[in-house]
Structures are given as structure tokens and as C-alpha cells.
Protein chains: 2
Amino acid sequence: MDITKKYEIIKIKGESLNKVEDTLINEYPFTLFIDDEEIITLLCTPKSLKELALGFLYSEGFVESLDQIERIQIDEENGRGYLYLKYRKTLTEKLYGKRTITSGCGKGTVFYNVVDSFKSRKIHETIDLSKENVIQLSKEFNGKSELFLKTGGVHSCALSTKDEILYFEDDIGRHNALDKILGRAFLDNIDMSDKIVITSGRISSEILIKTAKREIPAIISRSAPTSLAVDMARELNILLIGFARGEKMNIYTNFPSLIF
Amino acid sequence: MDITKKYEIIKIKGESLNKVEDTLINEYPFTLFIDDEEIITLLCTPKSLKELALGFLYSEGFVESLDQIERIQIDEENGRGYLYLKYRKTLTEKLYGKRTITSGCGKGTVFYNVVDSFKSRKIHETIDLSKENVIQLSKEFNGKSELFLKTGGVHSCALSTKDEILYFEDDIGRHNALDKILGRAFLDNIDMSDKIVITSGRISSEILIKTAKREIPAIISRSAPTSLAVDMARELNILLIGFARGEKMNIYTNFPSLIF
């Protein structure tokens with residue numbers, strides 16, 4: 001399984017605008033089974049999967065020593081890891097139901113959301129966003145973030161129009177910061193169809209899904225998206241801009257009407 | 001509730017070694033209830049808690065509109081958020097059992113682990129680690145990481161002796177990278193009592209707990225720890241070093257025998 005995936009994107013640097021091939025980190029759902037019972041789906045990088053399966057089950061207390069393990073089998077093609085144990089009774093007591101552990105700032109239900117997301121309504125109204133809007137919004141956002149970045153280890157998130165930031169929140173978790181702004185929008189009962197999510201963190205599938213569920217047409221990050229996030233954004237017509245730094249940005253989803 | 005907490009730490013910069021007061025981001029367990037039924041514990045920054053509670057429950061589909069909400073009550077002192085609904089039957093069907101969503105690269109069971117961790121055996125054998133060891137290990141680690149940091153959005157993790165890195169892994173998730181090295185150590189059945197975890201990511205409580213469970217006596221990061229991670233490391237006598245960059249490092253836990 002490839003650790004990275006190639007995507008054709010639009011790279012903007014000052015006045016230059018080019019279609020280029022970009023390499024994204026592959027976000028790979030990996031479902032673990034113990035004695036054919038589904039335990040969990042990890043969203044991970046498809047490398048050292050055997051070690052990940054064992055390490056996770058070990059960390060979570062499903063396995064305590066090598067001699068408990070009958071065999072382990074990795075189905076890389078289908079993203080599945082099967083662990084067979086010698087002593088089942090004692091360990092099956094420890095099993096908890098299916099759950100998904102996410103790649104970052106986890107949501108326990110993202111796997112279902114991954115499925116949901118493809119049921120989400122496509123965005124048909126493309127947002128009229130110019131390069132200058134993105135540069136200006138990123139500048140305003142970074143100014144607000146710096147204060148919090150100083151303390152170390154917090155993520156920031158904002159909800160904006162194409163012209164200005166409406167809400168700004170930060171948290172040790174990327175998801176919490178996004179949920180905070182979505183919560184404020186919920187309280188204020190505002191229309192999301194012309195709004196933009198701006199985040200300091202990576203755009204993983206969970207972040208994209210939260211945005212998609214609210215039918216927000218655009219998301220901007222100073223960091224990288226994952227392959228799964230870009231696949232979903234393309235499926236749902238969400239404008240996804242990454243590495244928005246100064247005059248630079250990468251556009252991962254294209255619209256006929258997108259004139260930069 | 002304070003967003004940050006003050007800790008007395010040892011700051012090393014080249015030849016200088018000083019006890020200073022350092023400000024850490026507060027990692028705050030926040031448990032959500034719907035109609036007095038416990039839903040989940042979020043590990044978050046204690047700010048905009050009402051927005052976080054609503055945003056999370058909204059994102060997860062527990063609430064769809066404001067008129068479903070009877071009232072919301074935040075008990076900041078005890079880290080609890082109570083949401084009372086008008087139409088219970090339909091929504092309680094959607095409820096799933098207690099789960100913890102973590103601040104970063106989430107583990108679904110960290111809240112129980114937080115409790116567990118204080119039952120973990122204290123580390124009594126303090127690891128004999130010098131400043132030069134940390135500088136050398138960080139240098140070796142950063143060299144290996146760079147390759148992966150280029151693709152954007154991956155975390156690296158290593159297991160080392162005080163002299164050299166034994167295992168190195170990377171993943172889109174901090175936890176996955178750590179589980180990968182713990183899985184390799186598990187397969188190789190090696191003694192962890194003189195080993196060190198090195199991570200590119202923040203040290204949150206979940207990362208500290210995974211390390212504590214294996215009774216690994218030291219963890220080094222180029223990033224920041226959270227307050228909860230430092231509290232646990234102090235409780236369990238785990239050597240926690242953050243912001244290890246070049247000649248600089250912060251030591252968050254002290255040992256009588258630690259001579260730098």
C-alpha cells in the first residue's frame with residue numbers, strides 16, 4: 001500500500017498559478033479484528049501495519065504477552081488486521097464494541113461519518129472566493145493564532161465570510177476548536193452556505209466531514225490535507241485550500257467557476 | 001477555569017541551567033451529559049465550553065436544532081456539561097455509551113486510562129541520561145524525521161537507548177506512530193526499563209499513559225507537553241523533556257539523581 005498518493009492540484013505563488021502534481025500523505029482506514037470480532041478502525045499511514053495492530057491491542061490491554069497470540073494476519077489490500085488468540089474467554093471479556101480511532105484529535109465515530117459523508121449533500125453553490133480573499137483571511141487568522149501558538153500546542157479555528165473572520169476559537173484539539181466555532185454558529189443560528197472554515201491544523205477526513213455536515217462550501221488551512229480529505233472534498237464539491245501561507249496556497253479541489 | 005497552568009521546570013540552553021516558571025496549556029477533561037446520561041469525556045482547553053458542548057453534540061448528530069434544547073448547563077468547576085432536551089425518545093435512541101474523545105490523535109479509552117495511569121507502577125529506577133545524550137538523540141531523531149515531515153502532516157516516534165535510536169516509525173497520527181514502536185518492541189520482546197520514547201508531537205496525557213503502561217522511564221519531545229501529562233509524569237516519576245531543540249530543552253520532571 002502506498003504511503004503517499006499523487007494528486008493534480010493548482011499551486012499559487014504570488015502571481016503564478018500552475019497545475020502541478022502534488023504528493024499527499026495517504027490516510028488509510030485499518031480495521032482490527034480479534035478472533036474475527038471487529039474491534040476498531042484506525043485511520044493511519046499504511047506502513048508497519050502489523051506493528052500498529054499489535055501495539056494498539058497491546059496498549060489497550062487486549063494482549064499482554066506474545067504467547068497469547070496464535071497468529072496475526074494483515075490484509076493490506078482491504079485494510080484489515082486479524083489477530084487470533086489462544087485464550088479467548090479471558091480476553092473477549094475485555095472487548096468493547098466497534099469504534100473508530102482517528103488519525104488526529106480523534107472522533108470516536110469518524111468511520112461511520114466517513115460513510116455518511118458520501119451521503120452528504122453536494123455543494124452546488126460554489127463560493128466566489130478570490131486569491132486576495134484567501135491571502136487576507138489567512139493573514140487575519142494567523143495574527144489571531146500567534147498569541148495562542150506561543151503557549152505551545154494549541155490549534156486555532158475560525159469561521160469567516162470571504163471578507164472577514166466572524167468567530168475564532170482555539171483548543172489543544174483540532175476537532176474541539178472546530179466544534180467550538182460550529183457550536184457558536186449553531187447558537188447564533190447563522191446561514192453556513194456562504195461561510196468558510198479556517199484551521200491551523202491538518203485537514204484530515206474528520207475535519208472535512210464536520211465541515212461537509214454543515215454544508216460549508218470552503219475550508220482553508222495553513223497545513224496539509226490528507227488523501228481521504230481531498231477525495232471527500234472533490235466528491236462533495238467543497239473548496240479545499242491547503243498550505244495557505246502569505247502569497248502561497250495549494251488548491252486541491254477545482255470548480256469551473258473558480259477564477260483566481 | 002484557567003486556560004494555562006504554571007509549573008516550575010528546569011530550562012537548559014547551552015551551558016546554562018535554570019529553574020524557571022513555565023506556562024503550560026491546561027488539558028481539561030470535560031464530560032458531557034444528555035438528560036443526565038453520560039455521553040463522552042472530551043479532553044480540551046477550558047474555554048468556550050458551552051460552544052464546545054453544543055458543537056460536539058451537533059456534529060455527532062445528538063442535536064439538530066436549537067428548539068430541541070430545553071436548557072444547557074456548564075459546571076466548569078467539575079468539568080461537566082449538561083444538556084437537557086425537549087424530545088427525549090428520538091434522541092436517546094442515538095445515544096452511544098461512554099467514550100472519551102481525546103485532544104489529539106484520539107484514543108477512545110483515554111479517560112479510563114487517565115484513571116488507570118495513577119494505578120500504574122511508579123518508575124523507581126531513574127534513567128541515567130545526560131544533556132549530551134538528549135542533544136545527540138534529538139539530532140539523530142530530527143534527521144530521520146525530516147524526510148517524512150516533507151510530505152507534510154506526519155508525526156514521528158522512536159524508541160531509543162540513551163545512546164542510539166532502536167526503532168523509528170511515522171504516521172499521520174501521533175498515537176499510531178507510538179503504537180508502531182511499542183508493537184515492534186512487543187514483537188522483539190525487549191526490556192523497556194532503560195528505554196526512551198522520542199516523539200515529534202505534543203505530549204498529551206494519552207501519549208504519557210502509553211509510555212507509563214510500558215514502564216518506560218523517559219520521554220523526549222521537540223514539542224510542548226500538556227498540564228495533565230506533566231502531572232502524570234511527576235506522579236509516576238517519568239522523566240519528561242519537552243522542546244528538545246538543538247542545545248535547548250525543558251525538563252518538566254525532576255529526580256534527585258538527575259545530574260545534567
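Just so we're on the same page: letters track the sequence lines, and every chain starts at 1.
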Next item on the list: Heavy-atom distances under 4.5 Å only: say whether A/S48 touches chain B with side chain, backbone, both or neither.
Entry: both
Margin query: Please classify the contact of A/I203 with chain B as side chain, backbone, both or neither, using a heavy-atom distance under 4.5 Å.
Written below: neither
Count the heavy-atom pairs under 4.5 Å between each of [options] and chain A, then report the option with the highest count.
{"options": "B/L54, B/L178, B/L52, B/L57", "result": "B/L52"}
{"options": "B/I69, B/L182, B/L66", "result": "B/L66"}
{"options": "B/S65, B/G242, B/A177, B/G201", "result": "B/S65"}

Notebook entry, point to check: Does a donor on one side chain sit under 3.5 Å from an acceptor on the other, for B/D191 and B/S193?
Noted result: yes
Check: Going by distance alone, is a donor N or O of one side chain under 3.5 Å from an acceptor N or O of the other, for A/T41 and A/T31?
Finding: yes
Checklist line | Parallel, tilted or perpendicular: rings of A/Y82 and A/F33 (30°, 60°) | finding: parallel
Notebook entry, point to check: Quick one: does NZ or CZ of B/R214 land under 6.0 Å from the six-membered ring centre of A/Y58, within 45 degrees of the ring axis?
Noted result: yes
Note to self: For the NZ atom on B/K5, are there more than 12 heavy atoms of other groups (residues, nucleotides or ligands in this structure) within a distance under 6.0 Å?
What the structure shows: yes
